[in-house]
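Take a look at the structure set out below.
In what follows, chains are A, B, ... by sequence order, proteins preceding strands, each numbered from 1.
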Number of protein chains: 2
Amino acid sequence: MHETRKEQVLEAAVHLFRAKGYHATSVQDIADAVGLRKGSLYHYIRSKEELLFEIIHSTIQTYIHRLESIAARPEPASARLAAAIEAHIKAVAQDTEGFAIFIGETRALEPEQRQRIEEASSQYGHLLERLIEEASLEGAFRPADSAMAALAILGACNWMHRWYDPQGRLSPKEIAAAFTEVFFGGLLQQPQIQASLPGKGRTGGVTTRR
Amino acid sequence: MHETRKEQVLEAAVHLFRAKGYHATSVQDIADAVGLRKGSLYHYIRSKEELLFEIIHSTIQTYIHRLESIAARPEPASARLAAAIEAHIKAVAQDTEGFAIFIGETRALEPEQRQRIEEASSQYGHLLERLIEEASLEGAFRPADSAMAALAILGACNWMHRWYDPQGRLSPKEIAAAFTEVFFGGLLQQPQIQASLPGKGRTGGVTTRR
């Protein structure tokens, strides 16, 4: 019961932060939304900031657990990376506003909480980085700066919360395929290489689409 | 004189927004910083939100003008795109906190102002997109979804404001080179192609470094 009420409070806070923004939402608004007096609400939460931290922290933990379970699959690392990109993009598409709270409001946290979120973000980045390194070891990827490659992929996927339109031209799956094609295959035509392979142009794209 | 005072106000606001955050900065703080009474300050600005809009708008206009001038250079489009990536990354590195205000506080704007910023952001993305299309027409890039490729590049570069460390392992120029290597060359080893080119491995990386 106690847990359930806490969950109700968290859910109401997410809805209000999305609708009105974090700064414009008062503790009174949250209390009203769950039918509690402000004094009683403080039985469940310490502060509005603590609530924001819990919401952001639980969002990123969900992303980490999802990525860990993809990384543990018995598949080539490059296929796991492609699956990770698709899962990330689908998750952002499914809850773009919630993701925007995570991206946009981390600045509103106190330094210590902000630090914990930054650490969790780094953990997520390192998991991607390890997949890239594994794919290099497996011979699928050429040696690259895996840390920079992971940050490039992460940034591309995260930025999507700014432009994604559910009514847009591409589905989340198609966006993931387009991104993977760029990251895996690169933009260059590589005419020297292609010229030596008549009839085997790379125009169709080297992708992991299946 | 009038313009100069306005510029002082804008500059003071940028400093305060960076140091304390937009929401925690009051109009009184800004007035104090430029040695004006609050009432006199309203001679120069309409509201704190209007100030935020002007700061974000002028930031993005600077980015657009820089990109336009790079796009107009008499060089192959792929070289112009590489230059654009490097210029963007250097600009974010030079003013990471100011860029974070642009990224993080756009949500605080009124819908109409937010719309104008989104339009300017789109304009920037379209300039990148056009460079990718040009590079395809010139034969340097293979046909790709240029809109998605532009958004991937933009996201990777923008996300840098979250992890860039001036004391870090790589300089802005090196970060740009690593990103360009991933975006241009791709992560895949492409063993079938490489196998047909003995002694001509792609391990050294297809980059635009010069």
Side-chain angles (χ1 to χ4, degrees), chain A residues 21-23 78 81 100 103-108 118 121-122 125 132 135-136 139-145 147-149 151-160 162-163 169-170 174-175 177-179 181-194 196-197 200-203 205-206, chain B residues 21-24 78 81 100 103-108 118 121-122 125 132 135-136 139-145 147-149 151-160 162-163 169-170 174-175 178-179 181-194 196-197 200-203 205-206:
Chain A
Y22 169 72
H23 291 277
S78 59
L81 181 63
I103 297 292
E105 307 293 5
T106 302
R107 283 163 67 81
E118 298 299 345
S121 296
S122 295
I132 295 168
S136 284
F141 285 179
R142 60 203 179 87
D145 188 322
M148 286 300 116
L151 287 168
I153 290 172
L154 191 57
C157 294
N158 284 346
W159 187 244
M160 183 191 157
R162 294 282 287 237
W163 56 263
R169 177 172 61 93
L170 300 180
E174 288 166 331
I175 293 167
F179 275 19
E181 181 153 344
V182 170
F183 283 115
F184 282 34
L187 291 166
L188 285 177
Q189 183 77 256
Q190 297 150 350
Q192 317 93 305
I193 292 173
Q194 196 166 38
S196 72
L197 289 167
K200 219 191 161 201
R202 287 181 58 225
T203 311
V206 177
Chain B
Y22 169 72
H23 291 278
S78 59
L81 181 64
I103 297 292
E105 308 294 5
T106 302
R107 283 163 67 80
E118 299 298 346
S121 297
S122 296
I132 295 169
S136 284
F141 285 179
R142 60 203 179 86
D145 187 321
M148 286 299 116
L151 287 168
I153 290 172
L154 191 58
C157 295
N158 285 345
W159 187 243
M160 184 190 157
R162 295 283 286 236
W163 56 263
R169 177 172 62 91
L170 300 181
E174 289 166 331
I175 293 167
F179 274 19
E181 181 153 344
V182 169
F183 284 115
F184 282 35
L187 291 166
L188 284 177
Q189 182 77 256
Q190 300 153 345
Q192 316 92 305
I193 294 173
Q194 196 166 39
S196 71
L197 289 168
K200 220 193 161 200
R202 288 182 57 226
T203 311
V206 177

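- B/His23 NE2 to A/Tyr22 OH: the interatomic distance, rounded to the nearest 0.5 Å, is 10.5 Å.
- Heavy-atom pairs under 4.5 Å with chain B peak, among A/Leu151, A/Asp145, A/Ile103, at A/Leu151.
- Only the side chain of B/Ala144 has a heavy atom closer than 4.5 Å to any heavy atom of chain A.
- Under the ring pair (Phe, Tyr, Trp, His ring centres under 6.0 Å) criterion, B/Phe179 pairs with no residue at all, not counting sequence neighbours.
- A donor-acceptor pair is defined here as one N or O able to donate and one able to accept, closer than 3.5 Å; no such pair exists between the side chain of B/Arg162 and the backbone of A/Gly155.
- In terms of heavy-atom pairs under 4.5 angstrom with chain A, the leader among B/Cys157, B/Ala156, B/Ala135, B/Ser136 is B/Ala156.
- Annotation: side chain of B/Ile132 is not in contact with side chain of A/Val182 (no heavy-atom distance under 4.5 Å).
- We find the CZ-CD distance between A/Phe184 and B/Gln189 to be 13.5 Å, quoted to the nearest 0.5 Å.
- With sequence neighbours excluded, the residues satisfying side chain to side chain contact (heavy atoms under 4.5 Å, CB included) with B/Ser121 are B/Ile60, B/Phe102, B/Ile117.
- Contact of the B/Arg142 side chain with the A/Leu188 side chain is not registered, since no non-hydrogen atoms from C-beta on lie closer than 4.5 Å.
- Using bins of under 30°, 30° to 60° and over 60° for the plane-to-plane angle, the ring pair A/Phe183/B/Phe183 lands in the tilted bin.
- In this structure, chain A has a heavy atom under 4.5 Å from the side chain of B/Thr106, while its backbone stays farther away.
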